[in-house]
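For reference, the structure is listed below as structure tokens.
Note: hydrogens, waters and symmetry copies are ignored here, and every other heavy atom, side chains too, is used. Naming: A, B, ... by sequence-line order, numbering from 1 per chain.
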Amino acid sequence: MTTQVPPVETATPGVETERKTYLNVTKGFMSWAGTLDHKRIGLMYLIGTSAALLAGGLFALLVRLHLWEPTGMLFDNAEYNQVFTLHGVFMVFLFVIPAIPAALGNMILPLQLGAIDVALPRLNLLSFYLWVTGAIFAILAIVAGGFDTGWTFYTPYSLYTQQAVGLIGMGVFILGFSSIFTGLNFIVTVHKLRAPGLTWFRMPLFIWALYATSILQVLATPVLGITVLLVAIERLYHIGIFDPRLGGDAVLFEHFFWFYSHPAVYIMVLPAFGIISELVTVHSRKPLFGYKLIAFSSLAIAIISFLVWGHHMFTSGQSTYAMFAFSFLTFFVAIPTAIKEFSWVATVWKGSIALNSPMLYTLAFLIIFAIGGLTGVILGALNVDIHLHDTYFVVAHFHYVMMGSIALAFFAGLHHWWPKMFGVMYNETHAKISCALIFIGFNATFIPQFIMGSRGMPRRYATYVPDYEPYHKASTIGAMVLGVGVAFMVYYLVVSLLQKKRAMENQWGGVTLEWETPTPPPLENFSKPPVVTNEVYDYSKLDLETTITPAK
Amino acid sequence: MSHDDHHSVVIPAPGPEFKPHTVAHHFDTPVQEFQSAKLGFWLFLATEILLFGGLFAAYFYFHEQYPETFVVGGKQLDWRLGGLNTCVLLLSSWTMAMGVRAAQTSQKKKLLMYCGLTVLGAAIFMVIKFFEYKAKSDHGLFVFSEMLGGYDTATGQLPWFTDIHGVMAGVPHGHMFFAIYVTMTGIHGLHVIIGAGLIIWIMFGAAKGRFHAGYYLPVDLVGLYWHLVDLIWIFLFPLLYLVP
Amino acid sequence: MFTTLIQDPPAAATPQGPDYATGIATETDKWGQLTKLASTFDDVDGLFYFTYVVCIFFFVLITGALLYSVVRYRRKTYDQPAASNVTHNTPLEVIWTVIPLLIVMVMFAWGFKGSLDMTYVPSDARQYKATASQWNWLFHYPNDPAKSRNELWVEIGKPAEFLLESTDVLHAFFLPSQRVKRDIVPGRYQSVWFTPTELGEFHLFCAEYCGLDHSKMYAKMHVVTAEEYADRPWDTFDDSTPEAAIKSGESIYQSACYSCHSVDGSKLTGPSWKGLFEKSGDQIVGAKREVIAGGATQTVTVDFDYIKESIHDPEAKKAVGYENANMTPFKDLNDRQIKAVIAYMKTLAQ
Amino acid sequence: MSDAHDSHGDFGDLQMGTHHVSSALQFTSVLIALLFLTIITVAVAQFDFGGANMLIAMGIASVKAALVILFFMHVKYDTAINKIMFLSSFLFLSLLFIFTLADRATRQMDHRAHTIKTPVASEWVHPNTLNSDH
């Protein structure tokens, strides 16, 4: 997918002229705080969500350290409950949901569309500030005494506990609107700002995935909004909708909560699929196998995901009929997901596979997601789920999806677009070491959790039966390795910004539109509006010279 | 290196009392700008539908669980006031539609007049609503002054539901109808107030001549918002006042 | 009335840490993944391993194809093109859509059948009740006044159904060895059943997060033989020593009698227990009482027979001054329990 | 209100296809229909049709809603994508309704339901404070 635009004029070799990029075109705090540029907003999101990731990761390490001993090492039960809740809330609401769409998506989506910005730039900035406000509420809630409801806020416990549930509920409500506005913006952008010639089936799959995600964000998140609002009203005014003491129903809360939170799983994972689709083809230098099937499977997943929320409630007292329907529909999600996984593998097959760090992260994703997805099938069966529900098996399963797959895809995307975003290259050897540490550490953390889960270890336990001690110890050791891997990644990425080792103009040989602009892009992305004439992922048109030309 | 031609699209004003409109730089044409904003706003309205949808789902859920509460509770509401409010909102929806029409046809005075009438409709609606709430509060069906009062866990007594006249006596969970009534109409009322505020903001812009046939996007969007407020009430009225 | 007869075992506000059943989780089934199955719900294990094998097959397939490609088609020069540019293969795509679909439909049907079996309770099931509170379990036994807290006894081979209720927040009744789990929702009853097939001690966890001491909300299930079950091991009534008997008697008083009978001489609905027995030298003997029996007043000496009659058939002899009081007969108190009550009464003697 | 023919064509080239100016007569007709339906819905509510009460009221309300959406909100004249986006919200809302209410409705049909009663709140005791000291 090259354009008719001639290559950007290259500076004379050896002459250092500072080109105006979005990073340096204006300076000063206000030029960032008040920016409407999608790349700057994406960058601010990247910093914010990464901070949330590190905070959430720290909480996770504390949880794992605590569980070294069956009686707990670090905390009393009250503190432990707060720490695992913080881990969940930070990871889910502040990192996983916004990280890929709002940080990488904001950065890349308009570039891949050939647009100079998202359709509604002010709303984009508002969305970022809503995220900041939500994060502030989360921090206020910690300061105000913390909260210990788990990230699911199940009633009636969340109604009775005396802690700062109101504040964090407010935070989640605001973060929900941040997410809605990002999704809304992307839908409009995809519909209205595609470059001439960029038909729907010429769009990169990252955009398809973000589009499907946006539909979920717009249509599911409001139900979460009204749910946390009702919890807040319930705590203040005791209206009784969710309070069994007043005739309310805790299962209704679960229905509302999972109506959002199941699609939310796909809000998190679909953008990861998008990144992987993108990276698999670029680093195999081969057109994506089954492009249309992958595109439609994103939409299919988005829609089916609205029909399966009850599988989080197989043990919670739904009617048998509802369980029947939800279990049946749940298995249907497996099909488009399997199609994606197979198509990625088929893309790698007979490709020209560059084993650089983004591709290593991608391969790690493919293996880990296979485990995460397949264990999901085990959980879809009704009677097996009854045994495994709320055990460490479920914990391990969704960490394989949310941490193993989504965070790895985020890292993969970060490594892939890092040279594009900053024009600098990190140390590839360091990146490979870090990828190996993360892969090994991750599996060492969560494979023992599968085992103890299928043997009955319930989740959210501050202390546990000593029978499970060896698995907890193995898991804690794995978590430490994983933590070291992530910390090392942060280290070499920061170093790359300081060392300013030039990246190539088109570091990986991508053919989507983001590689048509100078690296890093100027303020309004394209020197001339691009026109797309090629089919998507057509590597025969790749100008290989740009892959060995240093960026200016 | 930006596209200079992007900055040049200006929609001229149809008359001296109006102001021209400059299309935002990242759009190529006014149509693109208009349609983008409108698509975005429709999506926003979709989220509003789902937000209220949660409340409606709760209504139907408890309607099935405690039918008696809804039968007896619904009789405590005055359908005449509810019906009157329905008519007020429908009329205000009509004035808003006419207002958008006035903007589309560059009729500044009419736009101001219709917007003013719509705000008046909103005010009448809220005044009637206030008297309805007050009557219920006086009967102890939801006592506003006590709403923040927590409740006695030992007796399970709700401070906001004292039911002075015992109209809900013997009805299991008699407070449930009023809880849902006050939540749904309360959140709806909040939307009425926000909508009225937006229309007043439109009126300021209209007075400055910002809206005309060439550019009436904000009027159109606020109009859509106001119709949505009407739309929700169309369902609330029979569910709360008539059906139970 | 059963429920009020004997006081609930005390609930520790913050348990000091459960007395865990031992060696259960480490004892796995023969395939080594799940904990040893101890109930009739073997469909869970069957389907689990079926899915497990299918998953391993697909995992090996995916990982193998990936690793082979990576090794075989690794890019060696920066301009190496792909070995093939095939973008689709319709038969292949149909195959990898249809075959997984068929497999998951088998899993669905199997899982649903298994879960239906879990809802059909055999008619000969014993009906227990489990009350979950923050953070302890209280078990009620069928037709038995005695209850036990955080320990449960069931009979091997006998279906047991549990009616589950919560007094506060969500809990979940989770017996890994029996493959059953059910959330306990305040405001309504849930039910769960299983047939234990192995003798021994088993974990009973709360699997739904319920606050501070969620992880300490632990109970031990004893699966015992029919003979041991017939001994009602959950009944902690103890009269092995005089002191224990007094304590047991007092606990019966606290749970069943205190509302109508005082122990300090004050007049409630029924006569006070103070003074039923008197000190005579070092002896404690029954006092004399005026009672109305069959319309005629007579004097009785308080003794075991009189107390037993008054508990089992309160209308037979009514104390003078309390002719109009109606007492519920407590026919379930057996002789040992009545003796314990008397032992407690004797401590009130003057 | 007789200005339906007012010129807005000057901007036709700039905003082609973006707006449709409805006639005042159409708006007024819709308003009259809405008020009329309001009267009908009130009138019908005076009679008891048993289980059909809800269906009738919701049916009339849906017709009214359709009028507002199609004419006041101009959806009839809007672009296909806007129609799809807005109307899809009702589709997804119906999913929430169908599954949640179906669970509620079929819960009592479980074959164990006859032994499982719904206790009322007064039957159970609640702790007054839950770990408030932490």
Mind listing the closest non-hydrogen atom pair of D:L93 and B:G53 along with its distance?
CD1-CA, 3.2 Å
Working to the nearest 0.5 Å, report the span between CG of B:L51 and OG of D:S89.
12.0 Å
For B:M98 and D:A24, the nearest pair of non-hydrogen atoms, with its separation, is CE-CB, 3.5 Å
Could you measure the distance from the CD1 atom of B:I234 to the CE atom of D:M58? Nearest 0.5 Å is fine.
11.0 Å
Quick one: are B:W226 and D:F72 in side-chain contact, heavy atoms under 4.5 Å?
no
With a 4.5 Å heavy-atom cut-off, do D:K64 and B:T86 have their side chains touching?
yes
I need the D:H74 NE2 to B:Q104 CD distance, nearest 0.5 Å.
5.0 Å
Here the gap from D:L34 atom CG to B:L89 atom CG, rounded to the nearest 0.5 Å, amounts to 11.5 Å
Quick one: of B:F41, B:F237, B:W79, B:F235, who has the most non-hydrogen atom pairs under 4.5 Å with chain D?
B:F235
Given a strict heavy-atom distance threshold of 4.5 Å, which part of D:L96 is in contact with chain B: side chain, backbone, both, or neither?
side chain
Give, as side chain, backbone, both or neither, the part of D:F27 having an atom under 4.5 angstrom from any heavy atom of chain B.
both
Shortest non-hydrogen contact from D:M85 toward B:L39
CG-CD1, 3.7 Å
Heavy-atom distance under 4.5 Å between the side chains of B:F60 and D:R104, does that happen here?
no
Is there a side-chain contact between B:K38 and D:T79, using heavy atoms and a 4.5 Å cut-off?
no
OG1 (D:T38) and CG (B:L84) are apart, to the nearest 0.5 Å, by 11.5 Å
Does any backbone or side-chain atom of B:I232 lie under 4.5 Å from a heavy atom of chain D? Answer side chain, backbone, both or neither.
neither
Just wondering, are more than 12 heavy atoms of other shown residues or ligands nearer than 6.0 Å to CZ in D:F49?
yes
What part of D:S62 gets within 4.5 angstrom of chain B, counting heavy atoms only: side chain, backbone, both, or neither?
both
Any chance you could measure D:I69, atom CD1, to B:D230, atom CG, to the nearest 0.5 Å?
10.5 Å
B:W42: which residues meet the ring pair (Phe, Tyr, Trp, His ring centres under 6.0 Å) condition with it, sequence neighbours left out?
D:F86
Portion of D:V42 that has a non-hydrogen atom of chain B nearer than 4.5 angstrom
both
Show the nearest heavy-atom pair for residues D:L101 and B:A57, with the distance to one decimal.
CD2-O, 4.1 Å
Bottom line for D:A45: the part with an atom under 4.5 Å from chain B's heavy atoms is side chain
Side-chain heavy-atom pair D:I81, B:Q35 within 4.5 angstrom cut-off
no
